[in-house]
Undergrad: 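Attaching a single structure in C-alpha cells format; questions to follow.
Throughout, protein chains are lettered first and strands after them, A, B, ... in sequence-line order, and every chain is numbered starting at 1. What you see is a predicted model, and the numbers here were worked out from it, not measured in a lab.
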Amino acid sequence: MSRILSRRTLLRGAAGGAAVSLALPPLEAMFGTRGARANGDMDEPIFGIFFWANGTPWHAGHGGMQGGGGYPDLWTPAATGPGYAPSELLQPLAPYAVSVATGLEPKTMVPDQPPGQGDGHMRGFMVALTSDRIRPDGFDHPSHTLTALRPSLDQYIAKHDDFYGSNVPRFRSLTMGVSEARFHDYGHWNAISYNGPDSLNLPVLDPAQLYGLLFDVPADTGQLENRAHLLDAVMEDAADLRLQLGAADKIRLDEHLSHLDEIQRRLELSVAACDDPGPPAGAAGDLLAKTEVMAQILARGLLCGMTRVFSFMLTSPATTHVFSNLGVPDGMHKTCHDGHWDRVRDITRYQMEAFAVFLGVMQQTVDPAGISLLDRMLVFGTSEYGEGWQHGNKEHPVIFAGQACGAIETGVHERQTDGNLSMAHVTMLRALGIPTDSYGFNGGETSEHLSSILAI
Amino acid sequence: MTNDERRASGVLVALLLATSGCYDGGESRDPGELATDTGGESGGSDGTTDDDDPDAEPPVIDPGAAVLPRLTADQYRNSLEVVLGPGQPVVALEPDTNPYLFFNIGATSTTLSELGTQQYEEAADLITQDIFGDPDQRLALVGCEPAAPGDPCVQGFLEEFGRRAYRRPLLPDELLRWQQITVDLGTPDAWEGLRLAVAGMLQSPHFLYRVELGEPDPDRPDRLRYTAFEMASRLSFLLWNTTPDDALLDAAEAGELLDEDSLLAHAERMLADPRANAAVQEFFAQYFDLGRLDGVTRDVDVYPMFASSLPRSMRTEIQLLVDDFVFRRDADIRGIYGTRNTFVNDELAMLYGVDAPGASPIAFVPVELPADGPRVGLLTLGAFLTMNAHETEPSPTLRGKYVRERVLCQTVQPPPNDVDTNIPESEGEAETLRERLERHADSSVCAGCHSFIDPPGFLFENFDSIGAFRTVDASGFELDASGELDGQPLANATELGPLLAQDARVGRCVATQLFRHAQGRLELTRELPIITDLSERFADDGYRFKHLLTTLVRHEGFRTLAREEEGA
C-alpha cells in the first residue's frame with residue numbers, strides 16, 4: 001500500500017498555505033495533534049473491550065450438570081469488596097488491580113421461533129456486547145447466520161454525543177484482534193464490534209495494517225485536500241440513487257455515505273499526525289507476543305489522541321484456535337465440547353495472561369504528566385458465556401480494568417448472584433459520563449449499576 | 001397440478017421423508033416471505049413431472065424485488081481490470097461475508113464498514129496514482145492527450161470510462177459532475193484532474209454497487225424487467241464474476257439482451273471464455289464451502305501424511321473435478337458424487353494409496369480409483385472428509401449434516417434450547433465415537449435430529465480426519481461404516497455416491513443454490529415455482545451445469561423483478 005505514500009515522521013503545521021516541517025524531540029512530537037489540547041487529560045477517559053473466547057472452566061455455579069464433575073470454581077474470588085484476593089484464574093491480572101463482577105447472566109427473552117436462539121454462544125456474545133438479544137428476523141441456526149439488533153457497546157459510546165462531544169479524534173474507534181482462527185467464515189463470528197444489524201467492524205488482525213492505519217499518513221496536504229474535495233462529488237453522485245432504493249438498501253447506502261463524511265473529516269485532519277513509532281517487527285510468535293505487538297501500536301495511537309474507543313478481540317467467539325503451545329491437540333471449541341476441563345482451565349489462564357500483557361502495555365505507556373493510559377481507561381474484559389462445555393450462560397465473566405479517570409473503583413469484587421449482565425453496561429456508561437437511565441433490551445433492561453465498582 | 005398443489009405435495013413428500021421432528025419441510029423457518037427450500041418437492045418424482053406434457057400450464061413466475069449488491073472483493077478486483085486494464089496493484093479491501101454460503105448474499109445484506117469505505121478511498125487513490133503517474137499507461141487508458149480540463153479529449157474519455165464504470169452511459173448531470181472535477185482539481189495539469197475524476201467514479205456507488213432496479217415491462221405492467229444494460233451486468237457477474245466488457249455494453253446499447261435468443265448467444269460466447277471457468281469455480285467453491293479448508297491444521301505426529309500444502313491440494317482436486325464435469329465433458333453434474341475418476345498430485349496419490357505416474361507436488365494427473373476400493377465420488381475425497389472432521393477425530397455429525405444440507409438442500413433443525421449438545425461420555429466401558437453418538441438415538445430429544453443426520457454420516461467412518469482410509473479408530477476399535485439414507489440401508493460410502501448421482505434432489509439442490517448465488521439472496525416462497533421450473537429443465541438437459549446457466553439467464557425469473565419493494 002505504501003508505494004506512493006511517504007511516511008510522516010515530522011510534525012507539520014501550516015503557515016501561509018505552505019507546509020512547514022518541524023523536527024521536534026520525540027516526546028513533544030507525540031503531542032499537539034489537535035491544536036493545543038494536551039493529551040492525557042484526566043477528563044478524557046478511554047473505553048475499550050477486551051474479548052476472549054469460550055468463557056471460563058465450568059463448575060457447579062453454572063448449573064447442575066456442570067457441577068457433576070465436582071470441578072472447583074477457579075474464577076470467582078472467595079471474598080467480595082475492595083482488596084479481594086484474586087482467584088487462581090484472575091491471578092495474572094492482579095498487578096493491575098482489576099475489578100470483577102460475578103454472578104451476572106443475560107436476561108434477554110429467547111423467542112421460540114426461529115429455533116436455536118438460546119444457543120449459549122450466540123445469545124451470550126450478543127448480550128455481552130450489545131445488551132440485547134440476537135435479531136430474530138433472519139436468524140438461522142443451521143447455517144449459524146445471526147446478526148445484532150443494535151450497536152455493540154464500543155460503537156454506542158463512540159457515536160454518543162456525550163462521549164466525544166465536538167472534540168472528535170481522528171478515529172471514533174478502532175477494532176483489532178489477535179488470533180486468526182475462525183469458527184465460521186460468516187462475518188459475525190469474526191467481529192465483536194457492530195454498528196447495527198448486518199453492519200460489522202471486522203478487526204484488523206495484521207500489525208502492519210494497524211500500524212499503517214495509524215501512522216502511515218500521506219505528507220502532501222494539497223493532495224489530501226483534493227481527495228477530501230472529491231468525496232463531495234462522490235456523495236452528490238449517490239444522492240439520486242438513494243431515492244430509488246427500498247428501505248433496507250437505503251439504510252445500507254446511507255451508512256456508507258456517512259462513512260464518507262468521516263473519511264473526509266480525517267483527510268482534512270491529516271495536517272497533523274503522531275510521532276511515528278516505526279513499523280512493527282516481523283511476524284509475531286504466539287498469542288502473547290502478538291498481543292503485545294498490537295497493544296504497543298494501539299497504545300501509541302491512544303497516547304497521541306488518535307481515538308478513545310477500541311475493541312480488542314484476542315480470540316473470536318467459539319474460537320477454533322488450537323492452543324498447541326499448551327499441549328491441547330484440538331481447537332478450543334471442540335475441547336470445551338469434549339469436556340476437557342483441565343485443558344479449558346489452562347487455556348483460560350493463558351488468555352488471562354494475554355489480557356495481562358495488554359494491560360501491562362497500557363500501564364507502561366505514560367504521558368509527560370505521569371498519567372498512564374490505564375489510569376484513563378475502562379477496559380471491559382468479557383467473553384461469550386459462562387462456560388463452554390454446556391454453553392452455559394450463568395456466571396458470565398466480567399472484568400473492569402483501569403480506573404476511567406477516577407470513575408471506576410479498582411480492585412473490587414462485586415457479587416450479584418443471578419444478576420443482570422446489563423448492570424455491567426449501565427456501570428460503564430455512567431462511568432464514562434453518558435447519561436443512562438436504563439440499559440438492556442428485550443428483557444435485559446435494568447437501571448441498576450454495580451454500586452461498589454462505580455466510583456461516581 | 002397447480003403450484004399450490006405442487007407445493008403442498010412437496011411438503012407432504014418432505015414429511016414422509018422426515019422420520020422425526022427434525023426435518024423442516026417448508027415455510028416454517030421464516031414467518032415472512034423467505035422460503036425454506038425443501039429439496040423434497042422433486043424428490044418424490046423423477047424431477048420431470050409435467051415438462052413433457054405439451055398441455056402443461058407454464059409456471060407462474062412471480063419474481064422478488066430488487067436488491068443492491070455491493071461488489072465482492074473478487075468482483076471489485078476483476079472489475080478494475082475491465083475498466084482500467086490488466087495488472088492493477090493489489091489493494092486491501094474489506095473481507096466478504098457469506099451468510100447462507102454465498103458472498104453474493106453477504107453483498108446484498110451486509111453494510112460496508114468505515115474501514116472498508118476508507119480502503120475504497122485509498123484504493124482509488126493508489127490505483128489512479130499508479131496509472132496516471134506513468135505517461136505510457138495513462139495515454140493507453142485515455143487514448144489522447146488532454147490539453148485543458150474541459151477539452152474534447154477529457155469529455156470523450158469521461159463518457160467512455162463512465163460507461164464502463166457505471167455499466168451504462170453517464171447521465172448528463174453525472175458527466176457534468178466529473179467534468180467539473182477535472183476543472184476544479186485540474187492542477188498542476190489536466191492529467192491530474194482526469195485522475196481525480198477517475199478516482200471519484202471508482203468510489204461512486206454506481207460502480208461499487210450493482211444498481212439493477214428495472215424498468216416497466218411492456219408485456220406485464222404489474223412488474224418490472226431489467227434494462228438491457230442491467231442484463232449485461234447480470235450476465236457478466238454471473239458468468240464472469242466481473243463487470244461487463246465493452247462488447248456486452250455495446251450489445252446493450254444496441255437494444256440486445258432483452259430477448260432469449262440474444263441472451264443465449266451472449267451466454268454461449270461468454271461460457272467459451274476462460275473467465276467463465278473462474279466464475280463457475282467460484283460458485284462451486286462457495287457451494288461446497290471449500291473455504292473451510294483454509295484454516296485446517298493437523299498434528300503431523302498424529303497424521304504423518306498431513307502437510308500444510310495438503311488442504312490446498314484437496315481444494316485443487318475438487319476444482320479439477322468441477323472443470324472436468326462442467327467444461328471438459330459437459331456431463332451430468334450429479335456424477336461428481338458417483339465417479340471413480342479424480343485428479344491427484346503426489347500427496348493425494350499417497351493419501352489415497354493409488355499409483356499416479358507423472359504426479360508431483362504441482363502436477364495433478366487423472367486417475368481412476370480402484371473399483372474394489374473405498375472411494376467413490378466427491379464425498380470420499382480429501383476435501384469433504386477433512387473439512388468435516390476435528391483435529392483428533394472425524395465428525396459423523398458434521399459429515400451427515402453436510403450430506404443433508406449441502407448435497408440434498410435439506411434443513412436440519414438446531415438442537416432445542418437448553419439441551420445438552422455434547423457427545424455423551426463413555427459410560428464405564430470404552431466405546432467408539434459411533435457408539436457414543438448412537439446413544440443420541442436413546443434420547444427422545446436428540447433422536448429426532450441425530451437419526452436424520454448421523455446415519456449418512458456413519459458411512460464415512462472408514463476415513464480419518466485427513467481423509468485417510470482406516471479400519472480402526474485412534475483407540476484401536478474396529479469401525480463400522482454402515483449407515484442409511486432415508487431408510488435405505490447402506491454398507492458404506494461407496495454405496496451412497498452412486499445413489500446421489502441418480503437423485504433428483506441433488507439436481508434440484510444445485511439449481512436452488514445457483515439461484516441464490518445469482519440473485520444474491522434466499523428464494524422467496526413465491527419463487528419456488530421458478531426453482532422447480534429450473535430444476536425440471538435442468539433434468540431435461542441431463543443435469544449439465546452449463547445448460548442450467550444458459551437456462552437461468554434466459555429465464556423470466558432472472559430477467560424480471562417485482563415492482564414494489566418487499567413489505568413496502
Undergrad: Can you tell me which portion of A:Glu180 sits under 4.5 Å from chain B's heavy atoms? Options are side chain, backbone, both or neither.
TA: neither
Undergrad: Please tell me whether A:His144 and A:His121 have a donor and an acceptor in their side chains that are separated by less than 3.5 angstrom.
TA: no
Undergrad: Kindly determine whether A:Lys334 and B:Glu391 satisfy salt bridge (Lys or Arg N to Asp or Glu O under 4.0 Å), including the steps that lead there.
TA: CA-CA 9 Å; A:Lys334 177 171 165 58; B:Glu391 278 76 358; over 6 Å; no
Undergrad: Please look at A:Ala181 and chain B and tell me whether the side chain, the backbone, both or neither of the residue comes under 4.5 angstrom of a heavy atom of that chain.
TA: neither
Undergrad: Within 45° of the ring axis of B:Phe452 and under 6.0 Å from its six-membered ring centre, is that where the NZ or CZ of B:Arg404 lies?
TA: yes
Undergrad: So which residue, B:Glu174, B:Glu405, B:Glu94, B:His206, ends up with the most heavy-atom pairs under 4.5 Å with chain A?
TA: B:His206
Undergrad: As an exercise: rank B:Gly116, B:Ser204, B:Ala124 by heavy-atom pairs under 4.5 Å with chain A and give me the winner.
TA: B:Ser204
Undergrad: Counting only heavy atoms closer than 4.5 Å, note whether B:Asp294 contacts chain A via side chain, backbone, both or neither.
TA: neither
Undergrad: Begin from the C-alpha positions of A:Gln264 and A:Arg227 and carry the test side-chain hydrogen bond (donor to acceptor under 3.5 Å, both in side chains) through to its verdict.
TA: CA-CA 8 Å; A:Gln264 192 173 44; A:Arg227 285 163 66 177; over 6 Å; no
Undergrad: Pick one of side chain, backbone, both or neither for B:Phe207, based on which atoms fall under 4.5 Å of a heavy atom in chain A.
TA: neither
Undergrad: If I measure from the heavy atoms of chain A, does B:Leu68 come under 4.5 Å with its side chain, its backbone, both, or neither?
TA: both
Undergrad: Heavy-atom distances under 4.5 Å only: say whether A:Leu174 touches chain B with side chain, backbone, both or neither.
TA: neither
Undergrad: Can you tell me if A:Arg252 uses its side chain to pair, donor with acceptor, with the backbone of B:Thr110 under 3.5 Å?
TA: yes
Undergrad: Is it true that A:Asp198 and A:Arg135 have a side-chain N and a carboxylate O under 4.0 angstrom from each other?
TA: yes
Undergrad: Chain A: which of B:Leu196, B:Thr297, B:Asp299, B:Val302 shares the most heavy-atom pairs with it under 4.5 Å?
TA: B:Leu196
Undergrad: I'd like to know which of B:Gly133, B:Gly200, B:Ser395, B:Gly291 tops the heavy-atom pair count under 4.5 Å against chain A.
TA: B:Gly200
Undergrad: Which bit of B:Arg406 comes within less than 4.5 Å of chain A, counting heavy atoms only: side chain, backbone, both or neither?
TA: neither
Undergrad: Between the side chains of B:Asp96 and B:Arg70, is the shortest nitrogen-to-carboxylate-oxygen separation below 4.0 Å, so that they form an ion pair?
TA: no
Undergrad: Looking only at heavy atoms and a cut-off of under 4.5 Å, which of A:Ile263, A:Leu230, A:Asp237, A:Thr145 has the most pairs with chain B?
TA: A:Asp237
Undergrad: Which region of A:Gln244, side chain (C-beta onward) or backbone (N, CA, C, O), has a non-hydrogen atom less than 4.5 Å from a non-hydrogen atom of chain B, or is it both or neither?
TA: both
Undergrad: Taking every non-hydrogen pair under 4.5 Å, which of B:Glu192, B:Lys401, B:Gln203 racks up the most with chain A?
TA: B:Gln203
Undergrad: Given side chain to side chain contact (heavy atoms under 4.5 Å, CB included), test B:Leu71 with B:Phe103 step by step and report yes or no.
TA: CA-CA 9 Å; B:Leu71 303 191; B:Phe103 292 139; over 6 Å; no
Undergrad: By a 4.5 Å heavy-atom criterion (distance strictly below it), what part of A:Val234 contacts chain B: side chain, backbone, both, or neither?
TA: both
Undergrad: Show the numbers, then the answer: is there a salt bridge (Lys or Arg N to Asp or Glu O under 4.0 Å) between A:Glu105 and A:Arg123?
TA: CA-CA 11 Å; A:Glu105 60 190 47; A:Arg123 180 173 185 228; over 6 Å; no
Undergrad: Evaluate the criterion side chain to side chain contact (heavy atoms under 4.5 Å, CB included) for residue pair A:Thr307 and A:Arg170; output intermediate values, then yes/no.
TA: CA-CA 6 Å; A:Thr307 189; A:Arg170 184 170 175 79; over 6 Å; no
Undergrad: So for B:Ile181, is it side chain, backbone, both, or neither that comes closer than 4.5 Å to the heavy atoms of chain A?
TA: side chain
Undergrad: Below 4.5 Å from any heavy atom of chain A, which atoms of B:Leu101 appear? Answer side chain, backbone, both or neither.
TA: neither
Undergrad: Dump the intermediate steps for side chain to side chain contact (heavy atoms under 4.5 Å, CB included) on B:Leu202 and B:Thr128, then the final yes or no.
TA: CA-CA 9 Å; B:Leu202 292 179; B:Thr128 54; 4.3 Å; yes
